[in-house]
J.: 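The structure is given below, and queries will be raised subsequently.
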Amino acid sequence: MYSTRRTKRRGASALAATATALALALAGCGADSDTAPPDGDPSADRSLTIAVQSGPNSLDPAQLIDGQQTFVWSGVLDTLLARDPETGELIPNAAERWEYNEDGTLLTLTLRDGMTFSDGTPVDADAVVASMERTRETPGPVQSKYSQVTDVTAVDPSTVEVHFDSFDPTFLSNIALGAGAIGHPDTLDDERTATDPVGSGPFELDVANTVPDNTYVLKKREDYWNADAIPVSTFTVRVMPDPTAQLNALQAGEIDAGTVQQRMLGQLDESAFTLSQIEANVVFVLEILDRAGETWPALGDVRVRQALNYAIDREAFVEGLLGGLGSPTVQIFNPQGEVYDPALEELYEYDPERGRELVEEAGYVGESFEIPSTFLSTAFEPTISQAFSDVGLNLEWVSVPPQQVQSAHMSGDYGLSFQVAGFNSDPSDAFSHFVPGGFSNPQNHSDPTLDELFGVINTTVDYEDAIPTYREVNAYAVEQAFEVPIAFGGTTWAARDGITYSTVGGLPPTIRAFGFE
Amino acid sequence: MSLLELEDLRVSYPGRGFRARHVEVLHGVSLDVDHGETVGLVGESGSGKTTIGRAVLGLVRPSGGSIRFASQEISGLHGRARRGLASHIQVVFQDPYTSLNPSMTIGDILAEPLVVHGATSRDARSRVRSLLDQVGLPNDAIDRLPREFSGGQRQRVAIARALAPGPQLIVCDEPVSALDLSTQARVLDLFVDIQRETGVSYLFVSHDLGVVRHISHRVAVLYRGDLVETGDAATVTSTPEHPYTQRLLLAAPVADPARQREKREERKRLLAAHA
Amino acid sequence: MSTSDDPTTQTVRTHSTEHVITAGADASQRTPTWKKVIRDPQAAITIGLLAAIFLIGALTPLIAPHGPNDADLSMVNAPVGTSGYLLGGDESGRDIFSRLLHSINTAAISALIGTTVALIVGVTGGLVGGYFNRATQSITEWTFALLMTLPGVLLLIILMPVTGGDYRATMFVFGFLLAPGIYRIVRNLVLGVKNELYVDAARVSGLGNVRILGRHVLSIVRGPIIIAAAFMAGSAIAVQSGLAFLGVGSTEIPSFGAMISSGFRNLYVAPAQFLWPSLLLGVITASLVLLGNALRDTLEGSKPKAKKVGAGQRVVADVERDGPTDPDALLVIRDLGIAYPGVDGAPNEVVRGVNLSLAPGDVLGLVGESGSGKTQTAFSTLGVLPSEAVITGGSIRFDGRELLGLDDTSMAALRGSAIAYIPQEPMSNLDPSFRVGSQLVEGLRAATSMPRKDAKARVIALLDRCGIVDPQRTFDAYPHEISGGMAQRVLIAGAVASRPKLLIADEPTTALDVTVQAEILDLLRDLQHELGMAVLLVTHNFGVVADICDRIAVMKEGEIVENGAAEEIFGAPRHEYTRMLLGSILDEDAVRTDPPAAVKGVAS
Amino acid sequence: MTLYILRRLAAGVMLALVILLIVFLLISSSFDDTARTMLGQGATPESTAALVEARGWDRPVIVQYVEWIWHAVQGDLGQSAFTSLPVRSAVVDRLAVTLSLIVPALLITAILSVLLGVWAASHGGVIDRFAQGISLVGHIFPALLLAIGLVVLFGVELGWLPATGYVRFGDDTLGWLRSITIPVIVLVIPGVANMSAQVRGRMIDELNRDYVRTLRTRGISSRSIVYKHALRNAGSPALTVMSLEFIQMFGAALIIENVFALPGFGSYAFNASLQGDIPVILGISVFGVALVTVVHLVTDILNGWLNPKARVH
């Protein structure tokens, strides 16, 4: 409900790649630009082929998954809102305007005029209502984002009202993602919806040349309302789970752009490729699931949690395991966002001695913990285990097959979990990490201070006004060491010369991040 | 009372393939073997002679009739009861190359039946020595493997194995047909000597009239699952009554060009007469 | 079930395709199996290599400088030769050398689990399925067919939710998938052994089923199982590596596959990383395969070597091409010697100084016991001695032409057209895959280059002549569809089809019933008269000789001891050996006369 | 013959039913995991239960099994739990890719193995040692190593062949040929290593048989003896080896599809299994069993053609 992070979609991709690569791929990045490409000529026959690590699982609006999958589905389906690629702020898209009532239980969306689906029928309030109602009622990954919605109604062809139980601070950012995708009302329940929907987005799927899960060929719609912002006429997305295969394809000229692992960069001929780096779009974090110490009392002790934060050599982690692309951190919020506080980074300098003292003080020396070993964690397990033993604790990685990763995380069988979390929006990230039932807090830990702070957030409809409270949440969480954030991770895009990729980290990746010189 | 009595013995094998009909290979054979006697069983391939032997040994289950050994019905016995007969009925097979387990020493091969019947290994060993002696093999054979022996010697080992439990009846299934001429005669002599010594009875199965004639007191002739003629060896093998036996007798060549020429002519006359 | 009463097989099995007795064979035969294995260089080297590798694996906790998952962030992708990191560090800063050592143990455990399960399941299934009755057989057969049908690796992957990706559980399941191979081997051996006479003998001796299975059956199955185990261990290791490469299971477990996978990801950073585990994996699996092959050679007796087909016979002596010729003789063999390599490599002469002469239209019986060299002599005349055989001297002249030293093409031109051959065992001498007629036609056309249609007519006529009742039907039949007697007639028809001058018949009636034998001899005699062929009849049966031969040569241990007209030799044998042989014949006078023995011992 | 094929196919269907039941039973424990994975991070016990119910996974396994079979009989293998793609067409598409690797690989393997095996067996000497050397090399280098090495060499360094990806035969035949070249080579090398040794062994056995000597004594040429008689008799065991090789290649294809980023059957199965995509796993099991059954059947029929004794009457 809170985050764009998907810890898994395609197991093979995950397994074949390192967790770094995977996380970067999943988090991806995106841009939304109303401006035309630099040269002004949206070349009618320009084509672009990129590689991603996972294809879209489905093009059904109720089943959309964010991350790199967005490249394909956002080509076919328009979203209500979008994010500004420079600042990450919410900007209009299919909805021109949005407005909350006073207590945040009614959201009024005003749709742009003249939008059409690829079959020519108008994209209007009825279409939006049908999509949102259906997503709300259909079990799937998007449904939870509608948990507080009670009703969606069309006031007139260009006005939609969304009614809530109570204010949902994450809703706006969600409808800039899959929750805001607009499907074709007449065919939504048809079988084709999953694979070849009648789309509202800038492209039509070229079904003849598309091999599901392998190659997606998208043809630009000239009748799309924002067609000028789309720089290519044919957009091909190839699914390549293996990063080495991606690099090989890039070098062999089979794709125009793709992500490249930091340590493979040396292999690229700098003169033939343009590199674009996104400094941070994921955070590597050791999540403490049993913050209350119900099953593992040691984890309920703030000294032990702090000790773990002291135990990890974050600088070495970035240099050694991330190839230098990234930066050490003790926070989980997007460094480009409003909540992140550089001053907090002073806490928890690498100091295993101090950590050990804290553990001794708390009386938990020699305590052992189990943690799920997943495809995300494998590359980092030795380092993290080492850190535990450095402060007098033991960590045992328990192998969990991919299809049980989600279950293991939520089961309550483990006190710890290693995650590579992509950024969503600051509110979503706050909720997912610290509110009971949030993804990173599956054991429903609650804390009076946090309860109070979220009480304020839940009643502050204007985001600007709520920002100071979010910062308090962040500061308190860091101080209490509710989690062990380790580092921000970035992504490097390599593209054939003349093609650029630019966006801030943490945004959904779309075609509009690409520029042509 | 004879030692072995077969009455109306029938055997059938399941045919090949799924739900195939059974093929009867013995159509009611009656035969008896007395104490200390050798009964020769002659026939060509497919006549069922080997099957009779195997039925007596319990290796084939009869589909009808009875087999009595020492007045006891044995055709239906199996399991422990059947194994109990092992000390009374023994066998010597045709092929000395496959009737001995190639991976066991001669000593083990001979001791096995003794140990099964409760002999201590020391007793077994001394019995093995005397058995080897009895069949004319050197004492050092005990630790050697079958492949170190010639065909004739192996057949001696097989005979020793059959003698080991002191049986009353030995079924001999073509025991000399795989041997060279000179060896064959010596092994047959050994059979006769042993019989004189121990009083054991033989049911002696062979395709070779000469061999049967040499060793048998009485001879039975089998033809396609039926017993066509029975009688004392000299009569059946020199002046047979049944046309098949006559044909068989005339078909076997004699090692004398002149006599063989006569025999051949006689055979042709007989065939012409029956044609 | 009796095999000898099966109407398609023959009761009599003689070993007249002579066994070549090699000197010193006895000593080597008694060498214990393990010693033989060790003496084989390929086996010794691979065993040594594997032992060394797995010993190092076992000692890993003592000798590995680091734990398999000890990570040092400063050692990430450290180059080869870094102090304490012999082969460098991997992507997580773990010591590649130490991980390599630990991986050996994973491989060993995988092989152990997979092979053990496969052996237990396969051997049990094979023993049960092969030994017991039909119902049990069909159930086990069906079960293993089921296992066999499962697409192996696919199943392991489908079962990941069940095995949890744990390599030991996976190997346990894999063991079941390997089991059908073992099952097949064991079942077939058991089915074979079950009908072996010595198992019957054991049954007659009063041994129970369990004892027979354990003592007689298992001992035979042992060798092939050991061989199969070597191959299975190899495939278990390979599969485990493959799955680990794909990322099935925990990466905490050091394994070659996981290391190769990590190296592959790092291909561009540190190209050597994937090389070390690949090499070690390659060495281990290759060693196991080679060991399997070596074991197969030693335990099952080495397979015949490949040799050039149509290379001709080897002659190591100078052949006198211009020696005196006997214008009346069709075939003259002078001073012929044939040798085989013995165990110690020295040639072992099986035929020595043989002299034979055969006039056109003459029938010569070459008589002797097994191993006397009579078949070798016949083969050398046909030019079809096995490739190991060497002609050490002498001369074979046919129709005035020296045959020794001719190449195979020239011999092939003679064979079939001028010299023909009838083998002993009719069934094994017909190609089972071709119709009887087509085999005969091919031979006839090779010898005479007659048009196919004429050749067919001639073959059918010949089949008819050879006493086959329905020649067309036999012409169209496959060898397994005709009886032994008929097959021998077919072979005779094939031999005389091209009207040869010389017919070499090697024990042509030994495998047949007496009544059939008489008919075949009649046929041979008639054909011989008709065609005026000379016949060289190889046999051990004096009755056959008396029936058909004009002259006799008696062979003993590679030499001809007596040679003369049939009547003379039967009437007045000169050589002691001939006398002994003739004396051994159980003739019509040898009727047993003594009465049944008095019963001794236990009275009934 | 028709009856025989029908009987064999019926047996195959039985086998498929049994295997499916086993798979159903084994998988039934993971319905919740799958639902949770489908829902992603928003999963709650309630939404998980709702999804399980919506999918009908809460019903007794046997009911689901029967229902699944009922639909399967009508040609409907359901849809992937994750991608909503119809399983049948997806499996068929993926199978087409894998088969377009395996079938050429198998044919090439068969031809090379027979040539090499027959040459080795009928010439001996240097040629024989050469063939055995090739077999050894093929055994030593794991397919994995070959795959990686060839990609780097031909795909990246030399750029002669595409390093990754698959081109459909219908789209661009030359492209298809180029895209399968390296994967096929990787499949062929170990295949030839194994099979040529088998063919060689069988050929040597055959060439030592009695009938070969008898054929020679009739003046029949060496060529006919080797290529017509011995080869045909060696053919039927070799065919069995080949059918096993075929099934084995499916396993090897899994790794190869991974390295070359090919959308094949193996990687499809692998992904489905990682995700716990139950409908796909079931579909794959059915196709897997069907494939193996057909391969065995074809082998037996070909065997009958080669070997009259094995012929069905």
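Just so it is clear, the values below take in all heavy atoms, side chains as well, and ignore hydrogens, waters and symmetry mates. Here is the naming used below: chain letters follow the sequence lines, and residue numbers restart at 1 for every chain.
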J.: Under 4.5 Å, counting heavy-atom pairs only, tell me which of B:Gln260, B:His88, B:His217 racks up the most with chain C.
T.: B:His217
J.: Checking heavy atoms, do the side chain of B:Asn101, its backbone, both or neither come under 4.5 Å from chain C?
T.: both
J.: In terms of heavy-atom proximity below 4.5 Å to chain C, should B:Val211 be classed as side chain, backbone, both, or neither?
T.: both
J.: Is a side-chain N or O of B:Asp180 found less than 3.5 angstrom from the main chain of C:Glu369, in a donor-acceptor match?
T.: no
J.: Can you confirm whether B:Arg224 is buried at CZ, in the sense that more than 12 heavy atoms of other residues, nucleotides or ligands lie under 6.0 Å from that atom?
T.: no
J.: Would you check, one step at a time, whether the test side chain to side chain contact (heavy atoms under 4.5 Å, CB included) holds for C:His216 with B:Met104?
T.: CA-CA 9 Å; C:His216 292 273; B:Met104 286 167 73; 3.5 Å; yes
J.: Quick check on B:Arg161 against chain C: is it the side chain, the backbone, both or neither that has a heavy atom closer than 4.5 Å?
T.: side chain
J.: Considering only heavy atoms and a distance below 4.5 Å, find which of C:Val516, C:Asp522, C:Val545 pairs most often with chain B.
T.: C:Asp522
J.: In terms of heavy-atom pairs under 4.5 Å with chain C, which of B:Pro165, B:Gly53, B:Pro113 leads?
T.: B:Pro113
J.: Hey, is CD on C:Glu576 packed in by over 12 heavy atoms from elsewhere, all under 6.0 Å?
T.: no
J.: Should we count CD of B:Glu24 as having more than 12 external heavy atoms under 6.0 Å?
T.: yes
J.: Drop me the distance from B:Asp173's CG to C:Leu197's CG, to the nearest 0.5 angstrom.
T.: 8.0 Å
J.: Under a 4.5 Å heavy-atom cut-off, does chain C meet the side chain of B:Arg267, its backbone, both or neither?
T.: side chain
J.: Salt bridge between C:Glu519 and B:Arg264, side-chain N to carboxylate O under 4.0 Å?
T.: no
J.: With a 4.5 angstrom heavy-atom cut-off, could you sort out which part of B:Leu181 is near chain C: side chain, backbone, both or neither?
T.: both
J.: Check each atom of B:Ser216 against the heavy atoms of chain C and say whether the ones under 4.5 Å are side chain, backbone, both or neither.
T.: backbone
J.: Over all heavy atoms of both residues, which pair between B:Ser182 and C:Met580 is shortest? Give the atoms and the distance, please.
T.: CB-SD, 3.5 Å
J.: Side-chain donor-acceptor pair under 3.5 Å between B:Glu112 and C:Ser205, yes or no?
T.: no
J.: With a 4.5 angstrom heavy-atom cut-off, which part of B:Thr38 approaches chain C: side chain, backbone, both or neither?
T.: side chain
J.: Do you know which two heavy atoms are closest between C:Glu567 and B:Pro257, and how far apart they sit?
T.: OE2-CB, 4.1 Å
J.: List the steps, then state whether side chain to side chain contact (heavy atoms under 4.5 Å, CB included) holds for B:Val91 with C:Arg203.
T.: CA-CA 10 Å; B:Val91 66; C:Arg203 239 177 259 156; over 6 Å; no
J.: Please say whether more than 12 non-hydrogen atoms of neighbouring residues, nucleotides or ligands are located less than 6.0 Å from CZ in B:Arg61.
T.: no
J.: Are B:Arg54 and C:Asp200 ion-paired here, with the side-chain N under 4.0 Å from a carboxylate O?
T.: yes
J.: Checking heavy atoms, do the side chain of B:Leu209, its backbone, both or neither come under 4.5 Å from chain C?
T.: neither
J.: Which residue out of C:Thr515, C:Asn541, C:Val544 racks up the most heavy-atom pairs below 4.5 Å with chain B?
T.: C:Thr515
J.: Under a plain distance cut-off of 3.5 Å, with no hydrogens placed, do C:Ser584 and B:Gln184 share a side-chain donor-acceptor pair?
T.: no
J.: Heavy-atom distance under 4.5 Å to chain B: side chain of C:Tyr198, backbone, both or neither?
T.: both
J.: With a 4.5 angstrom heavy-atom cut-off, which part of C:Val204 approaches chain B: side chain, backbone, both or neither?
T.: both
J.: Please flag which part of C:Arg211 lies under 4.5 Å from any non-hydrogen atom of chain B: side chain, backbone, both or neither.
T.: side chain
